[in-house]
Structures are given as structure tokens and as C-alpha cells.
Amino acid sequence: MEQLLQQLSKSQQEAVLYNEGPSLIIAGAGSGKTRVLTYKIAYLLKNGISPYNILALTFTNKAAREMKSRIAQIMGEDIARRLWMGTFHSLFSRILRRNSDKIGFRSDFTVYDSQDSRNLIKAIIKECCLDDKIYKPSTIQSHISRVKNALITPKNYTLDRNLIEMDNQLKRGRTHEIYTTYWNRCKTSEVMDFDDLLLYTYLLFDGHREILEQYRNQFRFIMVDEYQDTNQVQHAIVRLLAADHRRVCVVGDDAQSIYSFRGAYIGNILNFRETYPESKLFKLEQNYRSTQMIVNAANSLIRKNKEQIYKTVYSEKIQGEKIKVIRTYSDYEEGYNVASLITEMRMLRQYEYKDFVILYRTNAQSRIFEEALRKINIPYKIYGGLSFYQRKEIKDVIAYMRLVINPNDEEALKRIINYPARGIGDTTLNKIIAAAGIHGVSLWEILSNPQDYNLNINSGTARKLSGFKELINSFRENNTSMNVYELGGSIIETVGLLSELYEDKTPEGLSHIQNINELMNSLYTFVSSRMEEGNTNIYTGDFLAEISLLTDQDTDKENENVNYVTMMTIHSAKGLEFKNVFVVGLEENLFPSERNRDKPKEMEEERRLFYVAITRAEENVILTYAKNRFSKGEFITTNPSRFINDIDPEYLHLPSDFSFKKPNNKIFGFESDPRPNFVQPGYYTNQRKLAQIETDKSDLITHHSIGNLTVGNTVKHERFGIGKIIELSGEKENAKAVIKFEALGTKQLLLKFAKFEIVK
DNA sequence: GGCCGGGGCATTTTT
DNA sequence: TGCCCCGGCC
């Protein structure tokens, strides 16, 4: 432990060592926040606290995974695995599944992503014959989300005079009805949306003292990462859990709060010391990432905000260069200049492509940079857009799986009841929906027993419905014996999803096939890696529970070999770092956004967004703006962003001093997309069959050697890399090896499935 | 059930 | 300007 602590600065150490009561760690950009959180947890573990008693909440799976693997390196895989560490949503959904009966759900409820919930809201608006210009689905959706974040159930909503009055003034008097219907429909569908996962957890704890007590006893230490991004429900749940022992440590940076539009409430962090008056405050003010110039410039910028916890971030790195500001005539030239500057910096100063990032306020800006980079053969990668699991063809497969697990899932059912086409059209569907509404049951219930509900359909339709029911039921039966990889293959085969796609010979069609292929690969990895670790959760429900809460960033395979310029919105750059950062489009009405022009609070958030952008940089920041730009179909003249003026000019290098060079036309290996591989029908179901897993755990006898393996052997694993065998145990089918991997700590693997070779 | 065309619209998106 | 959604038509 001493050794661990020595790797930390004085102020980091203090934050790690205090665990007696509530604490707030204000962690400036680049101040080693994750390191502190990781070491704090390791410190507790080294002092004999059971991992089971630690609750560590993050916002992204990626953050949780990174922290977990660092703890695994220090403490070993088996300890790290037992930590309650993960996103709010994933840990709470675990708690909800265990206690679902208390809130009137089945434990295998499915989860709506925001697209599903918007579709349902849209459907409800239509069914109520409301005008979707006045009741805009996306507006109603975010309204409902906000309301849920504020702990308001439909019942409370209807009783809330202010809310009702406000809706009336907005001429949206029936909003509460939509909310109530939406709520009930989700419930009969055995479905939760993202907000429900939080709100129901709150309701579970609030309404069931014995359960709250149980988790209070379990979670004796609570840590929350990125506290500035928590919303009201999250804050309230943490407060409930920590009310007795009060050992809650939150980490965050109010200066990086940029998600209020999604319900994040910066007040949670600003007022933490009022909520927990006895709390200790720690500040991590040394920035280990950026040059002094960048840190100073960022400080001078954020000082313009009123709402903040004051801190003095400093850097002891080299002074560095001033921030360059480039003005161009048009948006087109802006792209061209950034591209040529990248080329120039790469040639003259030995940077690689991956040392550059282009950050913008809106996704629409990416296009022009894409073109400019492509023109001079600079490899790039754009982040953003549809995530893997949002793609149509993937959602289709997943929808079948969702129905297998939960046939009451309304949106999943609507999605595939007639895909591929099986003659069940809108008319029939609407009858089913209407009947379900009248009887207060799920669509599946109506569809399975149309005669019981006097559904007015002809015999042909009845036959089609029962055919669909049989199809799903056959998968449901298979599901008890098949793992998710096998089930996925069987769905794709039986339903003919792939053959459907083979018809389409366009490039998009090919990429759809490629995506399904990719999905099957991820199912395969999911199943095989879990089998290897002796984890029996390989069935569809387990997979769905996991992927419903995954996003793009999680599926992204970090390929170290690829070297490209990154392009993304500033929002998605949070938490990342790059040597050189271009922040583009620094114009009034673009950044800051036009919509926040006269709103002081939002303007402060925009400024924080700019702060986040600048503090991503290790060495250079380049700001650009165009005097003229195409926007919404017209060429407009712009003014430079007020944010440029917010930075103290002593840290800036202004336009006239800057020269543009024509790019030379040398080709720098642009990497084209790999072409999709074709998969023959039958591939998934006939090949790569996975053995059934044995769950026998009786034999724990250890051995010096099994087969050709001996304790002390060095092995090379397909995914985990180099490691050393430290223990062998079990017989035949259940033979296991405990291997200490250089990068990931110890893991226990079932030899039957383990994919490694002996190195020596 | 699928395709085409017109109209409306257009931040940011950790789960 | 470009995309997405819906509605109408085949």
C-alpha cells in the first residue's frame, strides 16, 4: 500500500486516505481523477473491506471497465469482479431485477432505448388523436424524462397544480394523460426506459424500508464518479443509501458539467456541502496533462462564469505555445486550412495522425472537414452517429430476442410482427392495440388469445397471428436449451433475416449483412468468454440485460495500429486527451449555440463546453472560425465567438500572424474500409457449435499439472495476452487454471474453453 | 408493401 | 442545403 500511495501527489493522497465521512473531491481537468478513485478503492480493499461492500457508480461502461481493470491489476481479478462497480443504470437494473416483485414487475423486464420510448410516445399521441405539431413526440419525451428525473410519477403529476397549469399555458393540457398512458403501457409491457431504471430504484428504496436497510448495510462505502453529471434521482438514491453511515465520496468537476440538457443538475455538486454539512472538501488542482499556457488560458476562460467552485488549476509541465486563432473566409476554407495545418505539423514536428482531434459543436460541421481531409489523403475517423445497437438490422434481431425473453414487450412486437412481411398489416395491429388498451393487457396477450377478446378479424388473419405466435413460442422453448449465440443464429435462420438482406445488392445492403455478421461475432465472444471464465450467464436474458445499456463507445474496438485523425463533438470528447486539439467553428450562433443566446445559465454551460474542449489538449490548441458559412441553406456572414474574447489575450496568437500553406499532394496511406465478408446461410447454426456448459463446482482439488500444463508455465491467451499459471484445479470437464496476466491481473479459466497456448 | 416525392426541419446525447 | 418522415400511389 505504501508503494501505491507513493505514486500519488500530496493532495491526491489526502483524498484517498479520508474515508470516515462524506467527501467531495473537486478534480480539475487532467488532475488524475480516475487514479485517485482507483487507488481509494484499492486502499479500502487492502484494509480488509470486502469488495461486496463497495458501491462505485460511474456514467459510462467504459469508465467502469477501465477502473475495474486497474483495480484488477492491483488486487486481482477475482476481487475486482466482486466490486459493485458499474453505471447507475446497470447496477440499479440488477437491484431492480432482484426485487422486481416489490414494484410489480417481472424480473426479466426488457429495456426501451430512447428510440423505443419515442416511438411509443408518438403512437400514444396518435391514438389520442392529438396534433403532433403541438404535442411533438421528442418534446413530450424529454418532458417526461425531466419529470421522471424530478421523481414525479404520473399520479403526482396529475396532482401538481403548477405542472398542469404550465401545460395549459403551453396549450398542451393533455400532457399528463400521455404521461399516464405511457407509464401504464410500459408497465403492462414489462418494460422500463432508462429513466425508469433510476426512478423505480428510488421508489423501491423509498417504499420498502427493509430493502433499503439491506442495501444500506451492504454498501458501506459509496463512490460516485462525474458527480457534476448526476440528476435529481441519482442524487436522491445516493442520499438514501448513505443516510446512515454517510461514507459517500463524490468526485467531479463543476467546470465540466455539460449535460444539463439531459437532466444533469449542477446544483448537486455545487450544493454538496449543504446536503452533507460535515463533509470534507478536497481539491485536485495540479493538471498533469496540458502545458501551462493551455491551463492558464482555460483558467482565464472559466473565470468568466459565476456558478462555480473556485479552484486554481496549475501545471508544472513546460510553458508551451500560445493558442492559435485562425480566421478564414469561408467554412470551406476552414476545412482546407485545418487539413493543411495537420499535414504541416505532422511533417515539420513529427506528429502522427492520431495526435490530432477536430472538435466541433454540432455534428453537421463534420462534413466539410471530412471532405477536406479526404482530399489530401489524411486518414480520419468520425465518432458519433448511430451506434451499433441502434442500427435497424441489429435492432430487428434484438427485437426477436426481446420477445423471446419478454413477449409483452410492445415496441419489440410492433417492430417485427410484420418483418419480414407475413401479412399482418396496420389494420390488424391497430385492432390489437385498441383491444389491449380496453382490457389493460399486453399486445401479446391479445394476439395469443384473439377469441377471448372478441377481436374482429377474419380467419386468414387469425391464422397468420397464430403462426406468428407459434414462431415466437418455438424460440421461447429453444431458449431454455440454447445459449444466446445459438438462439441468435436460429432466429436469423428461421426467420430469414439474412436472406431478406441478400436481396439488397447496394453498398448499404452489404453493410447490413456485415453488421449482422458482427452481431453474431459479438454473441460468440459473449458466450465463449463467459464459458471460459466459468460464468454460466450465457443466455439471452443476460445478453439483453447487458447490451440494452451499452452504447457506441463500448462496442468500439480500440485498434492501436490504426493511425488516424479523430473528429467528434466536444460533448463526446469529454474524458479524452490529444496532443493537438482543433476547436472549429468558433462563431456566434454556432458556438455558443444560437438557442442559448439570451439564457445566462445555458451560456455558462456553453462556456464550460469550451473549457472542456481546450483542456483536452496536451500540447497545442488551435481555434478556428469562418467569416462566412453555409447554414440551413444560406450563406451567412458570421461574427467570431465571444469565447475567444473570454480568454486572456496574453495566451492567444491572433490570426494575422498566421500563414497558410498549400498542402503538398503527397499521399499518406489512407485506409479504406474493409469489404464485408459474406456469410453463407447455415453458417451460424451448423458450425462453431458451443459445448454445453457444466455447472458442477464440487471438485476443488488442486494439481501440480494437468495434461501438458504445469503450474509456472507461461501462456499466451488470445485476448488477455501473456500470463503465468499459478494454480491448476478440478478434473476433466471442470479443470481450471488460475492465470496471472501481465496486463489484467489474475483470471480463472475453464481449460475446456480456454484459448491460450503455452509459451514456455 | 414498397417506393417516390414533397414538406418541414435543423444542438449537444454518458444510459 | 440536406435529411427524415409521412402520405399517397402503384
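Hydrogens, waters and symmetry mates are skipped; everything else that's a heavy atom, side chains included, is used. Residue numbers begin at 1 in each chain, while the letters A, B, ... track the order of the sequences.
For C:dC3, the OP1/OP2 oxygens have a side-chain nitrogen or oxygen of A:R367 closer than 4.0 Å. Between A:S114 and B:dT15, a side-chain N or O to OP1/OP2 separation shorter than 4.0 Å is absent. Applying the 4.0 Å criterion to OP1 and OP2 of B:dT13, one finds that A:S572 has a side-chain N or O inside that range. A sub-4.0 Å separation between OP1 or OP2 of B:dT11 and a side-chain N or O of A:N596 is absent.
Of the possible donor and acceptor atoms, none in the side chain of A:T569 sits under 3.5 Å from a partner among the backbone N and O of A:N363. Side-chain atoms of A:N406 do not come within 3.5 Å of backbone N or O of A:F109 as any donor-acceptor pair.
A:K133 and A:D131 are not joined by a salt bridge, as no carboxylate oxygen comes within less than 4.0 angstrom of a charged side-chain nitrogen. Salt bridge absent: A:K126 and A:D132 never bring a charged side-chain N and a carboxylate O closer than 4.0 Å.
Taking the side chain of A:H571 as heavy atoms from C-beta on, and the options B:dT11, B:dT14, B:dT13, the nearest nucleotide is B:dT13. The nucleotide whose nearest atom lies closest to any side-chain atom of A:K122 is, among C:dC6, B:dA10, B:dT14, C:dC6. Nearest nucleotide to the side chain of A:F194, out of B:dT15, C:dT1, B:dT12: B:dT15. Among the nucleotides B:dT13, B:dT11, C:dG2, the one closest to any side-chain atom of A:N363 is B:dT13. When the nucleotides B:dT15, B:dT12, B:dA10 are ranked by their closest atom to the side chain of A:K632, B:dA10 comes out on top. Across B:dA10, B:dT13, B:dT11, the shortest atom-to-atom separation from the side chain of A:K136 is found for B:dA10. Picking from B:dT14, B:dA10, B:dT15 the nucleotide with the shortest atom distance to the side chain of A:F59 gives B:dT14.
Using a 4.0 Å heavy-atom distance criterion, A:E606 is classed as a base contact. A:T362 comes within 4.0 angstrom of the backbone, heavy atoms only, and of no base.
Nucleotides of DNA chain B nearest to A:E605 and A:G425 differ in position, and the one nearer the 5' end is that of A:G425.
B:dT13 and C:dC4: their P atoms are spaced 15 Å apart (whole Å). Atom C1' of C:dC5 sits at a distance of 22 Å from the matching atom of B:dT12, rounded to the whole Å.
Per the geometry, NZ belonging to A:K133 stands 10 Å off C1' belonging to C:dC5, to the nearest Å. The nearest whole Å value for the distance from the CE atom in A:M567 to the C1' atom in B:dT12 is 18 Å. Note: CG (A:L96) to C1' (B:dT15) measures 14 Å, nearest angstrom. Straight-line distance from the CG atom of A:L199 to the C1' atom of B:dT15: 15 Å, rounded to whole Å. Here the P atom of nucleotide B:dT13 and the CG atom of A:L609 are 10 Å apart, to the nearest Å. Straight-line distance from the NZ atom of A:K62 to the C1' atom of B:dT13: 15 Å, rounded to whole Å.
The aromatic ring of A:Y259 does not stack onto the base of B:dT13, failing the criterion of a centre distance under 5.5 Å from the six-membered base ring together with planes under 30° apart.
A donor and an acceptor atom never sit less than 3.5 Å apart when one is taken from the side chain of A:R262 and the other from the base of B:dT14.
No side-chain N or O of A:D409 forms a donor-acceptor pair with one of A:S189 less than 3.5 Å apart.
Here the side chains of A:K122 and A:Q141 are not in contact, with every heavy-atom distance at 4.5 Å or above.
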